[in-house]
Amino acid sequence: MAKPIVAIVGRPNVGKSTLFNRLIGERRAIVEDVPGTTRDRVYGTTDWGGVEFTIVDTGGLQEDDEIGAETAAQIARHTRDQAHVAIGEADVVVFMVDARAGINAGDHEVAEILRRVDKPTILVANKAESAERRESAYEFYELGLGEPIPISSYHGSGTGDLLDRIVEALPAVEEEEEPQGPAIAIVGRPNVGKSRLLNALLGQERSIVSDIPGTTRDSLDTVLMWAGQPVTLIDTAGIRRRGRVDRGIEQYSVLRSMRAIDRADVVLLVIDATEGFTAQDLHIAGYIAEQKKGVVVVINKWDLIEKDSSTMEEYRDQAREALDFMPYAPLVFISAKLGQRVNQVVDTALGVVAERHKRVPTAALNKLIKEAVAAHPPPSKPGKWLKFYYATQADVSPPTFILFVNDPAQIHFSYRRYLENTLREAFGFTGSAIRLSFRGRDEGR
């Protein structure tokens, strides 16, 4: 199910990143008392009252003349563009103003932008720590966006009321069409070749079953037969019937990719071979890993790379370094333009689907864990040894394993990684994330 999106916008230095960190429960956004620190969108997932949604932290919306140097002006334009994209993709917008500084012309400009996009907007007056500031916050009624909610994102006061309002404003969950066969999402930055890849896949001798409106904005889910089985393709650039594919510049964001990733079984992360792995690529890859989806990394435009006998292996090394958090992801080197190795993309994705549905016999699993612990005992607190009692596979897609121990709190991240690598060496799970859950022995009863 695609999660609704909430974007936090406002002028620079009003406290958007501090609120973002407060809502997601960690210091993921950089927080400094300098305008313009957050230049790219930052994404996180939170829930309130059992409703899960994605929070987007944006850079400040500001005019070019607020900064002098040409380079700074370019950064400001880029930041503003990012925020505009976030507003366009969001289901709800949180507009933050500064109760300490009071209303100014910049707030009016942002308010005008928000009135034009006609999105549910919640006005928040931050830095309202005192009773005097909470009262002065009501001057922001002047912006014409309803009653401002006074909060302190630093201290956390008022954030519960804000979350209540956000959940009330979120759209009702739409009924989704059940995908026919495995759902495969095509994601990546603009101009990496997603539409060319889609066209190459549909241009083969395949039978398109249907075009179904998807929940991903401006896209259609295309169902086609591949090797005798139905496959649903989710394209973040917007799938069109053959002959109607828009060849212009793709206008989309990581947000659109996130909606598609949420709905997919396997994600095709398309990378431009001529540009390598960018920060935006890693944003998308990180979300794929967090959501425990299957993944195939598609290195496109391979025909444009000057090659010798070691070029592909060198690129694999670069990929392993950049994507060190998902070493299980297979790489496919293609040219969508020339149709080179395009068939391997869906074949590899379907192989990942099979890996995600693999089940490990309980006896074999417990034997492996016992041997792994004996070969490399876990670090333990003095006088309290960490003991493993029993392991079982609880689910598939993603493969989910529950390990019963005497003290789950003692499991270190490095030991979790060791056990995951051991499982992969023994049973594969190529292209699929693995979920490991450690429980106390009494928790399973």
Side-chain angles (χ1 to χ4, degrees), residues 4-23 29 35-36 38 41-42 46 48-49 51 53-63 66 76 79-172 217 253 255:
I5 293 173
V6 177
I8 307 173
V9 303
R11 293 185 297 105
N13 210 32
V14 295
K16 298 183 296 297
S17 295
T18 304
L19 176 62
F20 173 83
N21 291 335
R22 168 72 61 179
L23 295 184
T38 307
R41 294 183 304 276
V42 183
T46 189
W48 186 253
V51 179
F53 53 93
T54 295
I55 296 282
V56 185
D57 178 29
T58 69
L61 287 159
Q62 62 186 11
E63 293 303 306
E66 292 188 26
T79 299
R80 191 171 63 252
D81 290 344
Q82 291 275 57
H84 276 295
V85 172
I87 291 169
E89 292 292 335
D91 297 292
V92 174
V93 178
V94 173
F95 173 27
M96 180 175 283
V97 293
D98 188 336
R100 183 189 302 168
I103 198 166
N104 67 21
D107 294 324
H108 281 285
E109 290 164 1
V110 178
E112 179 62 27
I113 292 170
L114 294 175
R115 281 193 291 269
R116 286 200 300 267
V117 298
D118 191 29
K119 291 284 177 76
T121 300
I122 300 170
L123 180 60
V124 175
N126 191 31
K127 306 180 186 179
E129 289 87 0
S130 65
E132 181 182 356
R133 285 189 190 160
R134 285 193 292 275
E135 284 198 19
S136 66
Y138 290 99
E139 71 173 295
F140 292 98
Y141 264 114
E142 183 182 328
L143 296 174
L145 291 171
E147 180 181 355
I149 302 176
I151 71 165
S152 170
S153 54
Y154 182 80
H155 295 100
S157 60
T159 53
D161 293 337
L162 170 59
L163 285 163
D164 285 342
R165 285 277 295 276
I166 289 173
V167 170
E168 288 172 10
L170 290 175
R217 283 194 175 94
S253 70
L255 299 178

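Not measured: the values here are computed from a predicted model. Count residues from 1 along the sequence. Keep in mind that the numbers below use all heavy atoms, side chains included, and drop hydrogens, waters and symmetry copies.
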Open item on the list: Quick one, Phe53 and Asp91 - any side-chain contact, counting heavy atoms below 4.5 Å?
Closed with: no
Open item on the list: Please give me the minimum heavy-atom distance between Gly15 and Ser153, naming the atom from each residue.
Closed with: O-OG, 3.7 Å
Open item on the list: Using modelled atom types and a 3.5 Å cut-off, is there a donor and acceptor pairing between side-chain atoms of Arg134 and backbone atoms of Pro150?
Closed with: no
Task: Residue list, side-chain contact (heavy atoms from CB on, under 4.5 Å) with Glu112, at least two apart or on another chain - done: Arg115, Arg116
- [ ] Report the distance from atom CG of Leu162 to atom CD1 of Ile151, rounding to the nearest 0.5 Å.
- [x] 5.5 Å
Open item on the list: With heavy-atom distances below 4.5 Å as the criterion, would you say the side chains of Leu170 and Val6 are in contact?
Closed with: yes
Task: Leu19 and Asn126, any side-chain heavy atoms less than 4.5 Å apart - done: no
Open item on the list: Using modelled atom types and a 3.5 Å cut-off, is there a donor and acceptor pairing between side-chain atoms of Asp107 and backbone atoms of Asn104?
Closed with: yes
TODO: Only counting residues at least two apart or in another chain, list the ones meeting side-chain contact (heavy atoms from CB on, under 4.5 Å) with Glu142.
DONE: Ile103, His108
Open item on the list: Just to verify, what does Arg133 make a side-chain contact (heavy atoms from CB on, under 4.5 Å) with, not counting sequence neighbours?
Closed with: Arg100, Ala128, Glu129, Ser130, Ser136
TODO: Check the pair Leu143, Val97 against side-chain contact (heavy atoms from CB on, under 4.5 Å), reporting the backbone distance first and the verdict last.
DONE: CA-CA 10 Å; Leu143 296 174; Val97 293; 4.1 Å; yes
Task: Spatial distance of atom CG (Asn13) from atom NZ (Lys127) [nearest 0.5 Å] - done: 5.0 Å
- [ ] Can you measure from CG (Leu145) to CD1 (Ile122) and round to the nearest 0.5 angstrom?
- [x] 11.5 Å
TODO: Mind checking the CD1-CZ spacing from Ile55 to Phe20? Nearest 0.5 Å is all I need.
DONE: 7.5 Å
Open item on the list: Side chains of Arg22 and Tyr154, heavy atoms from C-beta outward: is any pair under 4.5 Å?
Closed with: no
Task: Contact list for residues 155-166, test side chain to side chain donor-acceptor pair (under 3.5 Å), sequence neighbours left out - done: Trp48-Asp164, Ser152-His155
Open item on the list: Please find the pair of heavy atoms, one from Leu123 and one from Phe140, that lie closest to each other, and give the distance.
Closed with: CD2-O, 3.5 Å
TODO: Please confirm whether the backbone N or O of Arg11 pairs with a side-chain atom of Lys16, one donor and one acceptor, at under 3.5 Å?
DONE: yes
